[in-house]
Visitor: 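Here it is, the structure in full.
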Number of protein chains: 2
Amino acid sequence: MIETFRVDPVFSAASVAAAEWPLCHVRLQDDARFPWLILIPRTPGATELEMLTPAQRAVLTEEIVRAGALVRQLAEMTDAPMDKLNIASLGNVTPQLHVHIVGRRQNDPLWPDPVWGRPGAEPWPSEVRACLIDAIATAPLMR
Amino acid sequence: MIETFRVDPVFSAASVAAAEWPLCHVRLQDDARFPWLILIPRTPGATELEMLTPAQRAVLTEEIVRAGALVRQLAEMTDAPMDKLNIASLGNVTPQLHVHIVGRRQNDPLWPDPVWGRPGAEPWPSEVRACLIDAIATAPLMR
């Protein structure tokens, strides 16, 4: 039986689909406090990094780097340059394997604490969200 | 000028050196609430994943998987199997590039929240710590 990949519907509550990369479904977190992408490898049933093959993990790592470059770009489009990337795969609440790439600024409302499990998300204004999704969808592949 | 790799002395306050792997210096977080390793690539001056070469990143990814398997083993040595790996590279407080690999249990004191930036660390009893460090130091290489 071939399992089909489906994005856990829980992600729809707080993020929007933005692109499909070679390994990952890419989402924009709908929170104007942070430039924040989520990568979800299209691997049915995966909950831990070790469940990907070494080749898939290598692709994931390069897609994380690509997402980091894009988060830097989104930061400058929306406010000010970011100071630090926060990269994490947690899954305590939503087990489907996913990686957060979050741009942090020293003056953001949660600095230096982690962003997960904290209230206060502020949805992007719809025009800005559309502009960010366009930037993600048209981002060049890594050289 | 060749910069020399040095572990940021801040790490000494909460973790102990346990092994040297091909890319990373490996530390055991001194907190009996969680089986928790820290990997620090021995790359002078690196603060973000993108500052490693693609080849170094691929090695780091496989060392993260190896650390995850080891964290599972430490969990069973000390209490009960873990439920979820939490993998993160933050660096908001200590910029030197490092990756946390934390074994989480649904009954741990912070579940499902992230562990970083929260007080309450409980140092390992010294005999247990020595035993864990021995397990880390003698862990087999990945197949």
Side-chain angles (χ1 to χ4, degrees), chain A residues 10 23 34 41 46-72 82-108 110-119 142-143, chain B residues 10 23 34 41 46-72 82-108 110-119 142-143:
Chain A
V10 168
L23 181 69
F34 312 102
T47 56
E48 297 281 10
L49 186 61
E50 72 216 39
M51 297 168 80
L52 302 184
T53 65
Q56 289 173 323
R57 295 195 290 256
V59 174
L60 177 60
T61 299
E62 293 311 299
E63 293 192 357
I64 289 169
V65 172
R66 183 185 180 195
L70 195 45
V71 161
R72 279 184 197 284
M82 42 145 284
D83 296 304
K84 188 72 193 69
L85 286 172
N86 285 184
I87 300 170
S89 177
L90 306 176
N92 304 340
V93 176
T94 306
Q96 183 173 52
L97 181 62
H98 61 285
V99 182
H100 298 274
I101 297 96
V102 190
R104 303 299 304 274
R105 301 180 181 99
Q106 294 181 3
N107 65 351
D108 76 39
L110 296 176
W111 180 272
D113 291 336
V115 297
W116 305 280
R118 299 283 294 268
M142 299 291 286
R143 277 131 292 174
Chain B
V10 168
L23 180 69
F34 312 100
T47 56
E48 298 281 9
L49 186 60
E50 72 218 38
M51 297 168 79
L52 303 184
T53 65
Q56 287 172 325
R57 295 196 287 258
V59 175
L60 176 60
T61 300
E62 293 310 298
E63 293 190 358
I64 289 170
V65 172
R66 183 185 181 193
L70 195 46
V71 161
R72 280 185 197 284
M82 41 145 282
D83 296 303
K84 190 71 192 71
L85 285 172
N86 284 184
I87 301 170
S89 175
L90 307 176
N92 305 341
V93 177
T94 306
Q96 183 173 54
L97 182 61
H98 62 286
V99 181
H100 298 275
I101 297 97
V102 190
R104 302 298 304 274
R105 301 179 180 102
Q106 293 181 3
N107 65 352
D108 75 41
L110 295 175
W111 179 272
D113 291 335
V115 296
W116 306 281
R118 300 282 295 267
M142 299 289 289
R143 276 132 292 175

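All chains are named by letter (A, B, ...) in the order of the sequence lines, taking the proteins before the strands, and each is independently numbered beginning at 1.
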Visitor: Using non-hydrogen atoms only, which part of L60(A) is less than 4.5 Å away from chain B: side chain, backbone, both, or neither?
Guide: neither
Visitor: What are the two closest heavy atoms between T61(B) and R57(A), and how far apart are they?
Guide: CG2-CB, 3.8 Å
Visitor: Are side-chain heavy atoms of L49(B) and I64(A) found at a separation under 4.5 Å?
Guide: yes
Visitor: Using side chain to side chain contact (heavy atoms under 4.5 Å, CB included) as the criterion, list what pairs up with A88(B), not counting sequence neighbours.
Guide: A88(A), L90(B), W116(B)
Visitor: Looking at residues at least two apart in the chain, or sitting in another chain, which of them share a side chain to side chain donor-acceptor pair (under 3.5 Å) with Q96(B)?
Guide: none
Visitor: Closest heavy-atom contact between D83(B) and E48(A)?
Guide: O-OE2, 4.3 Å
Visitor: Quick check on the interface: out of G117(A), P114(A), A58(A), who has the most heavy-atom pairs with chain B under 4.5 Å?
Guide: P114(A)
Visitor: Using heavy-atom distances under 4.5 Å, tell me whether R105(A) contacts chain B through its side chain, its backbone, both, or neither.
Guide: neither
Visitor: For K84(B) and V93(A), indicate whether the former's side chain and the latter's backbone hold a donor-acceptor pair under 3.5 Å.
Guide: no
